[in-house]
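The structure displayed is predicted, hence computed values, not measured ones. All residue numbers in this chain count up from 1 along the given sequence. For the numbers below, each heavy atom of this structure counts, side chains included, while hydrogens, waters and symmetry mates do not.
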Amino acid sequence: MLHASSMTHTIGVERRMGVVVAGSGWRQCPMVERPSTVVLVLLVFSGIAACGGGERPHVGDLQRDREPAGKVVPAEGPATPAPGDNGSGGDLGGSSAAGAPDDSAGGAQEDTGGARGVPMGMQGGAETDSARAPGAPPRDDRTPGDDGPPLDDEERLDDEILAGPDVSVQQDAAEFTLSNGIITARISKTSGNLRSLHYMGRQIVRGGYWSHDTRGGVGVETRVTIDPQTTGGDRAEVSVKGISGGNKLGFGPGAEEGGDLATDIEIRYSITRGLSGLYTYSVFEHLPEHGDGMMAEARFVAGLVETFDWITVDADRNRHYPAVLPDEDKYVFTAVQSKNLAYGFSSTADDIGFWFVNPTVEYLSGGPTKPEFLCHRNTDAAAAPVVLNYWRSSHYGGASVTVSAGEHWTKVIGPFLLYANEGADPQAMWDDARERARTETRKWPYGWVSGVDYPTALQRSRVFGTLELDDPLAPGEAGFSGELAVGLAHPPYEAPSALGGTREIDWQLNAKHYQFWTTETDGSGRFSIPGVRPGRYTLYAFADGVLGEYERADITVEAGTDLDLGELHWTPVRHGRQLWDIGVANRTGAEFKNGDRYFEPDVQLAYPDLFPEDVNFRIGESDYREDWYFQHIPHGTGEVVAYRGVVGEGAATPFTVSFALPSAPRGTATLRLAIAGTEARGIGVYVNGTAVGPVVAGVADGVITRHQVQGLWYERSVEFDASLMRQGDNTLVLNVPAGSLNAGVIYDYVRLELAD
């Protein structure tokens, strides 16, 4: 089905065939024929006929006056180095330095605030010509959050070349310039930074940078890695590589003044015929002769021009966002990365949009539950719009990349797409960007990436099986009733901590290695994880309504060989029969009162008004959606202060659970607390007035100060003599001590069990 809109959509028809649709009143253009490529073009921009004419240029018009295929030509005259190329500088969105060209990057590092603290862009591997293993389920590679049907094999894209003029590469001593007639990008040969990005002749990105760029080593190598002459003008790619030589490269937040990590860094940019976007990716390689180190925050950031005044993070943060605003805390714009593969800004004045599109999150950190910055306005006077792709941060518990002397480590971050479009309104442009994300996921892994540690589709594998839930103590019929997440991640290991000592790095904290996840919602327990790199993994699974996590170690994935794990039996941990529970085990507190408002900075201040006598929850009568607050915080008043959360002190806050028992119990009772985020030191636990705790809380992850509903998930259990309970009415109290209004916890789920 073809969807007409005011933008360009790409829908796979068959291998190396694409369809471009735009606007209303569209008509078919002549088919364009090239060797090995068949393209059907349907073009119209909002009432302007395609295939030529119109008041503004569009893709169809760019077919005229084509340059000879695949030109690599010198630029016209030397380019002035962008101010950001000479140092970290300040805000990307700031005005250009005096004398700098208008399209130079206006500065460098974007501010990240001062919080220390620390989830499913499911891997969407590309279909290959190799047969699936016997009994393998049909491929079901959905983009997270997409309501469309599963993708059939016939819909997959090996490649996608649209109509348009040949791509070109220009270069001089200072920079590369890539263009396909829609997108023009200038790249510094010194740093690998993006100096500017133009869409249809208009600058939309002032500058972009990888926090770990190519400066600081013993040399920089530049080259054209995909010559458009060899692709018939379909694609071009350039590379800027910094050679460490033992020196530290990288100047992200938290890095030392002399650099962050001794690693070679190669930054690439790729452009494709007819696509209104630019791919970028970064390759890290720590050689055995390099010293040890711990990576600071790492991301790619694009600073946009002033016309972008509408922010789109997710469905809840999709609104007008002008530069002149009260002192708004940028942390209100964090979201789970895996659920939001396309995000960015649009312009209500010019009807254009700019988006980051991740085809997968295999190269990001923290797995399927990781919240992170996606976009916001900068924190200086210019308040420029910025879009970010974090793959390692300290937010919400953070993630770890540590390397040892003598270790050979490499990781490829991306490729992901910097995508530009236009449309009738911000929603239409976001819808198009999400459709673009779906298309990019279908193409992953990209067939055009070569020369780096990036296995092709034929070298990757599909891992599949069926999880059988065996939970005889579950009340009612056991089974998967919600979302089931299954993933492959590096086995847990010990690594140095920034706070001293070591800590265990599990999938929630891992940024050093790749992860591969999928979600299923049909209740069958069947799963299929495509596009897995060869290696040794631990298989993990968690599911809505199931407390705990399945784990199976020593999964070996061989190159190009699908792996059938068969039936896997998951027996969730229980300490006895369930007496009662509160909430839903789903690794977030979103289902509790005001959990859907977590990103509003003053939501904490609503607690005393909604619960003047604190939470009193009656099992069998109360509703956790209304009668249990999503934050368990000290009871008090305060004020909102940007980047510090709510400032104020409060009294100790009891959450009281009342329940009745038909008879006096015997044996051992176990209170199980699933915690989705922490800033409290601990939680007191009392049964009928007798202390049975306290619960020692986990590492503070800033989840309340930084306006989130989930951070690092973990479980705590408290065992006590069941004789403390009695026939008839009982109370169990969870108490957060007095202190800062941010010093609380967010519960995922609470359950009381009895072994009698």
Colleague: Kindly say whether Asp314 contributes a backbone atom to a donor-acceptor pair with the side chain of Asn340 at under 3.5 angstrom?
Modeller: no
Colleague: How close do Ala296 and His212 get, counting heavy atoms only, and between which atoms?
Modeller: O-CE1, 4.2 Å
Colleague: Applying salt bridge (charged side-chain N to carboxylate O under 4.0 Å, His left out) between Glu440 and each of Lys443, Arg442, Arg438, report the one that passes.
Modeller: Lys443
Colleague: Would you check if the side chain of Thr441 reaches a backbone N or O of Pro359 as a donor-acceptor pair within less than 3.5 Å?
Modeller: yes
Colleague: Can a donor-acceptor pair be found, under 3.5 Å and without considering hydrogens, that links the side chain of Trp430 to the backbone of Ala315?
Modeller: no
Colleague: Could you tell me if the ring centre of Tyr446 sits under 6.0 Å from that of Tyr279?
Modeller: yes
Colleague: If we ignore hydrogens and angles and just use 3.5 Å, is the side chain of Ser276 paired with the main-chain N or O of Ala420 as donor and acceptor?
Modeller: yes
Colleague: Between Asp213 (side chain only) and Asn193 (backbone N and O only), is there a donor and an acceptor less than 3.5 Å apart?
Modeller: no
Colleague: Just do the side chain to side chain contact (heavy atoms under 4.5 Å, CB included) check on Gln171 and Val224 with the steps written out, would you?
Modeller: CA-CA 10 Å; Gln171 60 177 311; Val224 177; 3.9 Å; yes
Colleague: Under 3.5 Å, is there a donor-acceptor pair between the side chain of Asn180 and the main chain of Thr272?
Modeller: yes
Colleague: Do the side chain of Arg392 and the main chain of Ala399 share a donor and acceptor less than 3.5 angstrom apart?
Modeller: yes
Colleague: So, using side-chain hydrogen bond (donor to acceptor under 3.5 Å, both in side chains) as the criterion, who are the partners of Asp316 when residues are at least two apart?
Modeller: none
Colleague: Which atom names give the shortest non-hydrogen contact between Ala335 and Leu374, and what distance separates them?
Modeller: CB-CD1, 3.8 Å
Colleague: Is the gap between the ring centers of Trp310 and Phe308 under 6.0 Å?
Modeller: no
Colleague: Going by the rule ring-ring contact (aromatic ring centres under 6.0 Å, His included), which residues pair with Tyr281 if we only count those two or more places apart in sequence or in a different chain?
Modeller: none
Colleague: Keeping the roles fixed (side chain from Arg317, backbone from Val332), state whether a donor-acceptor pair exists under 3.5 Å.
Modeller: yes
Colleague: Heavy atoms, side chains only, cut-off 4.5 Å: are Gln337 and Asn358 in contact?
Modeller: no
Colleague: Would you please indicate yes or no on a ring centroid separation below 6.0 angstrom for Phe416 and Trp391?
Modeller: no
Colleague: Ignoring hydrogens and geometry, is there a side-chain-to-backbone donor-acceptor pair from Lys189 to Asp172 under 3.5 Å?
Modeller: yes
Colleague: Examine Tyr199 together with Trp355 and report whether their ring centres are nearer than 6.0 Å.
Modeller: no
Colleague: Kindly write out the residues that satisfy salt bridge (charged side-chain N to carboxylate O under 4.0 Å, His left out) with Arg597, not counting sequence neighbours, or none if the list is empty.
Modeller: Glu600
Colleague: Quick one: sort the Trp444 and Tyr363 rings into parallel, tilted or perpendicular, breaks at 30° and 60°.
Modeller: tilted
Colleague: Salt-bridged, Arg268 to Glu266, with N to O below 4.0 Å?
Modeller: yes
Colleague: Using 30° and 60° as the class boundaries, would you call the ring planes of Tyr321 and Phe333 parallel, tilted or perpendicular?
Modeller: tilted
Colleague: Cation-pi check for Tyr331 against Arg706: NZ or CZ below 6.0 Å from the six-membered ring centre and within 45 degrees of the axis, yes or no?
Modeller: yes
